[in-house]
Number of protein chains: 2
Amino acid sequence: MSHEVEKRSLAQYLEENNLKHTKQREAILAAFLEASGHITSEEIHNRVRAEHPNIGYTTVYRTMKLLCDAGLASERHFEDGVTRYEIEQEHHDHLVCLRCGKIIEFECAMIEKTQLEIADRYQFRVLRHRHELYGHCDACERAAAATE
Amino acid sequence: MSHEVEKRSLAQYLEENNLKHTKQREAILAAFLEASGHITSEEIHNRVRAEHPNIGYTTVYRTMKLLCDAGLASERHFEDGVTRYEIEQEHHDHLVCLRCGKIIEFECAMIEKTQLEIADRYQFRVLRHRHELYGHCDACERAAAATE
DNA sequence: GGGCTAATTGAAAATAACATTCAATTTCAA
DNA sequence: TTGAAATTGAATGTTATTTTCAATTAGCCC
């Protein structure tokens with residue numbers, strides 16, 4: 001059994017908030033963690049149903065919201081309008097391929113630092129941020145070149 | 001009459017694409033430009049109706065899409081899930097206040113440059129990007145402090 | 001272990017934002 | 001002016017997400 005840390009973290013959150021520990025919540029957490037990031041509710045639902053065929057969409061939505069509140073997941077809105085969830089951990093930013101949808105993560109301390117300087121200039125207190133570069137990944141760029 | 005440049009720009013786009021110049025399109029463009037950025041379709045619709053009570057939502061949606069194609073506007077998806085349009089011009093990024101919704105624009109050549117270096121590292125071709133810092137603006141931060 | 005009560009579930013219906021359809025209207029080139 | 005093609009807007013369709021509500025379940029108390 002993996003994801004012990006996250007399971008315990010969820011259990012703690014449930015307990016602290018007088019919420020109940022259900023197999024649905026456990027299953028959804030597992031499915032989400034196994035998928036390793038940037039997953040939609042629909043994808044989570046599909047994965048969960050493989051093991052637990054009668055867990056509904058609704059429960060997936062609700063549970064993902066709960067995982068966000070619990071600090072285990074966070075919502076992301078890329079430019080296709082569908083909400084995706086990612087594992088809440090060290091902050092990272094994204095390269096998003098507009099052709100194949102591939103998502104690459106990156107981090108850059110220099111940019112993070114510059115951001116804060118800019119915010120300072122406007123007396124703005126930064127709580128979180130998003131930084132996404134949209135374009136074509138290597139494979140798609142080659143494919144596009146080959147087609148022309 | 002202001003916004004002459006944009007009007008001419010739209011007229012040119014319509015002509016080049018064998019599209020027609022209608023008063024609805026002109027009115028929507030004017031309402032959009034007067035609003036100065038980060039506006040939703042609904043807000044545009046409200047503004048347009050003040051002058052032209054029988055222009056429908058549909059026409060606003062379609063026209064905003066057209067203005068995007070024409071390069072006069074561009075779509076933005078902040079974290080509330082509603083599409084907003086902004087005037088297409090020099091690229092800039094955003095500070096978004098989570099309390100009052102205020103949106104401040106900023107630019108930073110250093111960050112732009114660093115971005116490209118990162119993309120290079122992944123053989124990624126950047127077509128566009130978004131960079132948003134979410135937090136509290138000065139006024140809201142003070143308000144929050146006063147409440148506590 | 002059984003009872004109890006509040007939390008949870010899931011199917012269905014509701015909502016919100018946006019897209020499409022289609023008949024009626026309008027633009028504009030000839 | 002005319003007529004074909006584009007446009008409009010009301011209504012309807014979609015898609016993603018949320019709410020409702022009756023039925024079920026978790027987990028404390030005995």
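Both backbone and side-chain heavy atoms feed into the values below; hydrogens, waters and symmetry mates do not. In the text below, chain A, chain B and the rest are named by the order of the sequence lines, each starting its count at 1.
For the ring-ring contact (aromatic ring centres under 6.0 Å, His included) test with A/H45, the passing option among A/Y85, A/Y61, A/Y57 is A/Y57; the others fail. Checking A/M64, A/R84, A/K65 one by one against A/E75, the side-chain contact (heavy atoms from CB on, under 4.5 Å) holds for a single residue, A/K65.
Side-chain N/O atoms of B/R25 include one lying less than 4.0 angstrom from OP1 or OP2 on D/dT8. Residue B/K65 places at least one side-chain N or O closer than 4.0 Å to OP1 or OP2 of C/dA19.
A/R84 has its CZ atom 11 Å from the P atom of D/dA16, to the nearest Å. Between the CG atom of B/L10 and the C1' atom of D/dA6 there is a distance of 15 Å, given to the nearest Å. Between the NZ atom of A/K23 and the C1' atom of D/dA26 there is a distance of 9 Å, given to the nearest Å. Distance B/L66 CG to C/dA19 P: 14 Å, rounded to the nearest Å. Atom CD in A/Q24 sits roughly 9 Å away from atom P in D/dT25 (whole-Å rounding). One atom, CD of A/E43, and another, C1' of D/dA16, lie 14 Å apart when rounded to the nearest Å. A straight line from NZ of B/K20 to P of D/dT7 spans 7 Å, rounded to a whole angstrom. Atom-to-atom, CD1 of A/I44 to C1' of D/dA16 comes out at 14 Å; the value is rounded to the nearest Å.
The two residues A/A27 and A/I55 come nearest to each other via the heavy atoms CB-CD1, 4.2 Å.
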**OP:** Evaluate the criterion side-chain contact (heavy atoms from CB on, under 4.5 Å) for residue pair A/E132 and B/E132; output intermediate values, then yes/no.
**Re:** CA-CA 9 Å; A/E132 288 143 23; B/E132 288 143 23; over 6 Å; no
**OP:** Could you walk me through whether B/R8 and B/E6 pass the salt bridge (charged side-chain N to carboxylate O under 4.0 Å, His left out) test, one step at a time?
**Re:** CA-CA 5 Å; B/R8 238 173 288 142; B/E6 289 84 354; over 6 Å; no
**OP:** Check the pair A/F124 / B/D138 against side-chain contact (heavy atoms from CB on, under 4.5 Å), numbers first and verdict last.
**Re:** CA-CA 6 Å; A/F124 193 93; B/D138 192 26; over 6 Å; no
Original post:
Passes salt bridge (charged side-chain N to carboxylate O under 4.0 Å, His left out), A/E51 versus A/R49? Steps please.
Top reply: CA-CA 5 Å; A/E51 284 287 314; A/R49 288 186 87 119; over 6 Å; no
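With the nearest nucleotide of DNA chain C identified for both B/E75 and B/H21, B/E75 has the one nearer the 5' end.
Among residues at least two apart or in separate chains, salt bridge (Lys or Arg N to Asp or Glu O under 4.0 Å) pairs with a member in residues 19-35 of chain B are B/K7-B/E26.
For B/T22, the side-chain atoms get nearest to D/dT8 when compared with the rest of D/dG27, D/dT8, C/dT9. Of the candidate nucleotides D/dT18, C/dT27, C/dC18, C/dC18 has the atom nearest to the side chain of B/T83.
Using a 4.0 Å cut-off on heavy atoms, the residues of residues 53-63 of chain B that approach DNA chain C are B/T58, B/Y61, B/R62, listed by number. Near DNA chain D, meaning a heavy atom under 4.0 Å from it, residues 11-19 of chain B has B/N18, B/L19 in order of number.
A/H131 and B/H131 have parallel rings, their planes meeting at less than 30° on a 0 to 90° scale where 60° marks the start of perpendicular.
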